[in-house]
K.L.:
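Got a structure for you, written out below as structure tokens; questions coming shortly.
Quantities reported herein were computed from a predicted structural model and do not represent experimental measurements.
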Amino acid sequence: MAGLAESGSNPDVDLLYDINGLAKDAPPWFDRVMEFVGEYGLLLAIVLLVLWCWWSVRRRGEEDAASSVAALVWAPLAAGIAVLVNVPIRGFVERPRPFLDHQGLEVLVSGKNDYSFVSDHATIVMAMAVGLFVANRKFGLVALVLAVFGGFIRVYMGVHYPTDVVGGFALGTAVALLLSPVAMALLTPVTRAIERSPRVGWLVRGRGRGDAGDGSDAVVPGARSERAAGASERDLAA
């Protein structure tokens with residue numbers, strides 16, 4: 001992998017220069033904005049999406065609230081596990097940062113002296129986005145778009161090759177999807193126990209909201225409350 005990076009004649013390096021070249025042509029204030037967004041902004045945005053989805057779930061207080069909250073808890077856990085998995089990968093590949101092997105790059109962030117493959121940022125944002133998508137399609141789609149944009153910015157900033165980002169996307173997706181069944185089996189009983197607690201039950205279900213809504217916006221597709229189902233049957237009988 002490191003050998004491929006040393007040549008300027010491969011598509012990975014060519015695309016690096018093409019994307020990073022945009023930073024050279026942009027005004028300094030725009031690069032500063034991209035630097036902040038790439039380092040902190042997009043990750044913060046995805047975290048806020050997870051919190052927004054959680055608030056929506058507990059506010060509606062549907063029958064499947066415990067499993068929905070468990071799925072949301074899995075999103076940041078998946079990101080953490082993916083980063084841990086990436087530690088030996090980075091040590092095995094030992095790919096230097098692109099600006100160490102290539103001249104003329106516009107590097108927006110200094111102090112990046114660790115290995116480049118796989119991108120931790122790309123791994124984290126994609127793992128959280130996929131985990132959120134598993135929990136809720138609407139919020140998850142927004143998070144996926146943000147994650148892809150975040151990967152683009154890492155190349156724009158000159159701190160990663162495109163393949164570093166693609167590798168991070170693949171790793172984050174694999175961890176979030178492959179371990180999801182095990183995570184749900186472990187987390188759902190925990191969130192159900194929390195839901196029954198008189199002190200912290202509000203973390204899973206809003207008080208007095210158990211019958212709110214018809215379940216049409218449920219995190220788990222097709223989930224409907226018994227009251228909504230009964231109302232539908234009465235409508236059909238009428």
K.L.:
Rounded to the nearest 0.5 Å, how far does CG of L49 lie from CE of M128?
P.N.:
9.0 Å
K.L.:
If we only count heavy atoms from C-beta on, is the N10 to Y161 side-chain gap below 4.5 Å?
P.N.:
no
K.L.:
Quick one: sort the F152 and F149 rings into parallel, tilted or perpendicular, breaks at 30° and 60°.
P.N.:
parallel
K.L.:
Are H121 and Y40 close enough that a side-chain donor and a side-chain acceptor fall under 3.5 Å?
P.N.:
no
K.L.:
Answer with yes or no whether the hydrophobic clustering places I89 together with V159; edges join I, L, V, M, F, W, Y residues whose side-chain heavy atoms lie under 4.5 Å apart.
P.N.:
yes
K.L.:
Look only at the side chain of R137 and the backbone of F133, and say whether a donor-acceptor pair between them is shorter than 3.5 Å.
P.N.:
yes
K.L.:
Would you say V125 and L146 make side-chain contact, with heavy atoms under 4.5 Å?
P.N.:
no
K.L.:
Report the distance from atom OH of Y17 to atom NZ of K24, rounding to the nearest 0.5 Å.
P.N.:
7.5 Å
K.L.:
Go through it in stages, so that I can follow the logic: the residues are V134 and M184, the test is side chain to side chain contact (heavy atoms under 4.5 Å, CB included), and I'd like the CA-CA distance, side-chain angles, deciding distance and then a yes or no.
P.N.:
CA-CA 11 Å; V134 170; M184 291 300 296; over 6 Å; no
K.L.:
State, yes or no, whether a side-chain contact exists between V118 and V93 at a heavy-atom distance under 4.5 Å.
P.N.:
no
K.L.:
List the atom of A65, the atom of V204, and the distance in Å for their closest heavy-atom pair.
P.N.:
CB-O, 3.7 Å
K.L.:
Got a salt bridge between R32 and E35, using NZ or NE/NH1/NH2 to carboxylate O under 4.0 Å?
P.N.:
yes
K.L.:
Evaluate the side chain to side chain contact (heavy atoms under 4.5 Å, CB included) criterion for residues L44 and L48: first the C-alpha distance (whole Å), next the side-chain angles of each, then the deciding distance (0.1 Å), finally the verdict.
P.N.:
CA-CA 6 Å; L44 177 61; L48 291 177; 4.2 Å; yes
K.L.:
Any side-chain to backbone donor/acceptor pair from W54 onto L203? Under 3.5 Å, distance only.
P.N.:
yes
K.L.:
Looking at CZ of R95 and CG of D164, how far apart are the two atoms once the value is rounded to the nearest 0.5 Å?
P.N.:
4.5 Å
K.L.:
Could you grab the distance from atom CG of L141 to atom CG of N136, nearest 0.5 Å is fine?
P.N.:
9.0 Å
K.L.:
Is R97 close enough and on-axis enough to Y115, meaning under 6.0 Å and within 45°, for cation-pi?
P.N.:
no
K.L.:
Can you name the closest pair of heavy atoms from D31 and A26 and give their distance?
P.N.:
OD1-CB, 3.6 Å
K.L.:
Taking the side chain from S119 and the backbone from V165, do they hold a donor-acceptor pair closer than 3.5 Å?
P.N.:
no
K.L.:
When you measure from the centre of the six-membered ring of F92, is the NZ or CZ of R90 under 6.0 Å away and within 45° of the axis?
P.N.:
no
K.L.:
Quick check: closest heavy atoms across A176 and A127, and the distance to 0.1 Å?
P.N.:
CB-O, 3.7 Å
K.L.:
I need the I153 CD1 to H160 NE2 distance, nearest 0.5 Å.
P.N.:
12.5 Å
K.L.:
Using 0.5 Å steps for rounding, measure from the CG atom of N20 to the CG atom of L108.
P.N.:
7.0 Å
K.L.:
Judged by atom type as modelled, is there a donor-acceptor pair below 3.5 Å linking the side chain of T173 to the main-chain atoms of A170?
P.N.:
no
